[in-house]
Protein chains: 2
Amino acid sequence: MESRPKKKRANLRDVAKVAGVSVATVSRVLNSPKAVSEETRLRVEEVIDMLHFVPSAAARAINSGRTRVIGALVPTLDNAIFSRFLAALEKHLAMHGLSLVVATTSNDPEIETEKARGLVDIGVEALIVSGITHSPEFDKLMEQTRLPVIATSYFEENYHLPTVGYDNASASRIALDFLLASGHQKIAVVHGPVKNNDRTQARLSGLKAAKLAHSLQMFETDISIQGGSTAIQNLLRTKTTFTAILCFSDVLAMGVLFELQRQQINVPEEVSLIGIDDLPSSPYTFPAITTVHLPVARMGEVAAKSIVRWLDSQTVPDPYLLPAELIVRHSTRKLE
Amino acid sequence: MESRPKKKRANLRDVAKVAGVSVATVSRVLNSPKAVSEETRLRVEEVIDMLHFVPSAAARAINSGRTRVIGALVPTLDNAIFSRFLAALEKHLAMHGLSLVVATTSNDPEIETEKARGLVDIGVEALIVSGITHSPEFDKLMEQTRLPVIATSYFEENYHLPTVGYDNASASRIALDFLLASGHQKIAVVHGPVKNNDRTQARLSGLKAAKLAHSLQMFETDISIQGGSTAIQNLLRTKTTFTAILCFSDVLAMGVLFELQRQQINVPEEVSLIGIDDLPSSPYTFPAITTVHLPVARMGEVAAKSIVRWLDSQTVPDPYLLPAELIVRHSTRKLE
DNA sequence: TTGACAGATGTAACTAGTTACATCAAGCTG
DNA sequence: CAGCTTGATGTAACTAGTTACATCTGTCAA
């Protein structure tokens, strides 16, 4: 019924034709409107509106060589620590006109490599990854594409990629030292999977020195509320005595806390509990969880700014160490 | 020192030249390797490796008209309900070779519009938004671009965009009915901001009928653990009596639970507590929170599949109603 | 009156891929 | 041995923008 049988999306040439100007003029209306006379500009804008013209991002990208998209690879979105990080990252990238593509890896280097390939395929300008454990194929891909990559959640001065993160070993050390200084000797340690997880590994290594002198019992479990819960069930089954529990993440600590409440074990009267991360919810649990604060929001900000600088001025950023800080709340107490 | 002073990224033509074949052949090696002789293929692949050639996503997109990127606009990443949704969405989009760009709106229609414009600019093929409250500019943008858009977290048969979500009014009604059936008459309702939030508004409307017959006291607060905590502080200050608290989200319920514990008010002995959402942590709190389960992971899956079908076969999906289901746990009790 | 210059606009060549069509050789059939 | 088919490859025209350079008009000063 219409005059045009094939009504595809309008492009620059269509607009130019209808407005009776050249493609260059339409392009100018879009990109440097002051270079076009008022009259022409208004006419072109009218046609743009009329034809529902929306410039093709791909065509623009092919010329500028910029897609304005950054990719982030995180283990999961189901832990508040990563979603907070991404929230900060997204916010600060958006300030610089960059968008964030998120892909999850389930802590599996193979999935990570596959997803990284997918991100390269859609044309991300840079990549942000978690930790420094990656597959050889991943490293090869990064080398081939020469894409800016930043590793987060982990500080390592001499890693071949710039890192933005905290000293995981010292974070767990801070927590342990606080428990030891409070007179605790028999301590249960609840941590996430060790395999493929350099953050957990580093936190474990932070305890190594103390392990010889003191009684530390390790419990590996999933990083989730449920994981904390089952770890305590396992712990109680061993019938070993302990006066404090050190959790490698506040998510675990919350699970542990709930399970202790269920078992009628008082925190901190009977058992002291300390976590690592400091989630937004941690100050509000009852009792409020003592923890080691890791500035993830700051990490997102620093990562975003490093990427922006890298892209703008080809400067490979220096590794950035974020401070880990003890926050004493009410889930721990001094032993007499 | 090198022969080539300007060493840009290699492109198809460079590879073709070095390998001594035509651009078409290189393109074939990339896209339909079986159409090329073994010998030629190997030679070309060698050159690709040698020159670190990575095909330009933009150039591919310009031809196929597909960027393989989907945009999602969510209020925040700081609430587990949205990160779970995004996790499921990302997973199911990835299964179909689609990537997910995430942008946060802080529940502000203006920010949403701005971010939507950004997503259109980078060339997303479709958009997934939360709720049905959007600015006129947003609607205009969507109309102009004719982009597939799905509204989530909200079911509304007659909305101009397809919706995938639950009946928020009936979710709150389910929770309230359960409290009423358990003999509760004096009920405090803790909910998030009403402004610009159709989910909250719908949940409030679900209580309207009962509001006349029963004593419902409303408390508006931020959707966070802290928000739940302060709501209870405000509630206690009013000195009104109540036997149950209905929270419009489990995040609020957790904050409420912690604060009640701090105030030495027993749940469920003294006060019954019910939430809506059913977070992964909800079964593990002490006591485990009774709640109305909203299948967010399913929502992510359905949204992803709807988008895929829409893009593949131009079929605008039908609105999809997800069931809300009461999960009775241990934070509620029957009044004699 | 001429030259210089600014302002507005157009032409065409770029960007980096895909792909329809043409070409050519080799193998098979009648 | 002509004629047909198949397989492998190349040429060139697309995709949708940007932009260097050319052109044209008009104003102003010399």
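In what follows, every chain begins at residue 1, and chains take the letters A, B, ... in the order their sequences are listed. This structure is a prediction, so every number in the text was calculated from the model and none was measured.
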Practice task
Describe the nucleic acid contact of Ser56(A) in one word from base, sugar-phosphate, nothing, applying a heavy-atom distance below 4.0 Å.
Solution key: sugar-phosphate
Problem - For atom CG of Leu12(A) and atom P of dT11(C), their distance in whole Å - result: 14 Å
Problem - Interatomic distance, Asn11(B) CG vs dT15(C) C1' [rounded to whole Å] - result: 9 Å
Problem - Spacing of Asp14(A) atom CG relative to dT15(D) atom C1', expressed in whole Å - result: 13 Å
Problem - Short side-chain donor-acceptor distance under 3.5 Å, Arg298(A) and Tyr320(A) - result: yes
Handout entry: Spatial distance of atom CZ (Phe82(A)) from atom CG (Leu77(A)) [nearest 0.5 Å]
Key = 9.5 Å
Completion exercise
By nearest-nucleotide position on DNA chain C, the 5'-leaning member of Val54(B) and Lys34(A) is Lys34(A)
Handout entry: Carboxylate-amine/guanidinium proximity below 4.0 Å for Glu143(B) and Lys140(B)
Key = no
Practice task
Name the closest nucleotide to the Ile62(B) side chain, picking from dT11(D), dT18(D), dA16(D).
Solution key: dA16(D)
Handout entry: Candidate nucleotides dG10(C), dG17(D), dA16(C), ranked by approach to the side chain of Arg28(A) - the nearest
Key = dG10(C)
Practice task
Choose from dT18(C), dT15(C), dT11(C) the nucleotide whose nearest atom is closest to any side-chain atom of Asn63(B).
Solution key: dT18(C)
Exercise for the section: Classify the nucleic acid contact of Gly20(B) as base, sugar-phosphate or nothing, counting any heavy atom under 4.0 Å across all strands shown. Expected result: sugar-phosphate
Exercise for the section: Decide yes or no for Leu311(B) and Ile70(B): does some side-chain heavy atom of the first lie under 4.5 Å from some side-chain heavy atom of the second? Expected result: yes
Practice task
Ignoring backbone atoms, establish whether Arg60(A) has a side-chain N or O less than 4.0 Å from OP1 or OP2 of dA16(D).
Solution key: no
Practice task
Kindly point out which of dG17(C), dT9(D), dG10(C) is positioned nearest to the side chain of Val36(B)?
Solution key: dT9(D)
Exercise for the section: Between Ala59(B) and Val21(B), name the one whose nearest nucleotide on DNA chain D is closer to the 5' end. Expected result: Val21(B)
Practice task
Whole angstrom is fine here: how far is it from CZ in Arg13(A) over to P in dT11(C)?
Solution key: 12 Å
Exercise for the section: Taking atom types as modelled, find out whether Thr163(B) and Glu156(B) have a side-chain donor-acceptor pair closer than 3.5 angstrom. Expected result: no
Practice task
Using whole Å, report how far CD1 of Ile122(B) lies from C1' of dA16(D).
Solution key: 18 Å
Exercise for the section: Would you mind telling me which of dT18(C), dG17(D), dT9(C) lies closest to the side-chain atoms of Thr25(A)? Expected result: dT9(C)
Exercise for the section: Check every atom of dT9(C), dA16(D), dT9(D) against the side chain of Thr40(B) and return the nucleotide holding the closest atom. Expected result: dT9(D)
Handout entry: Length of the CZ-P vector between Arg66(B) and dG17(C), whole Å
Key = 20 Å
Completion exercise
Whole-Å distance, Lys17(A) NZ to dG17(D) C1', equals 15 Å
Exercise for the section: For Ser37(A), report the nucleic acid contact type (base, sugar-phosphate, nothing); a contact means any heavy atom under 4.0 Å. Expected result: sugar-phosphate
Exercise for the section: To the nearest Å, give me how far apart CG (Leu30(B)) and P (dT18(C)) are. Expected result: 6 Å
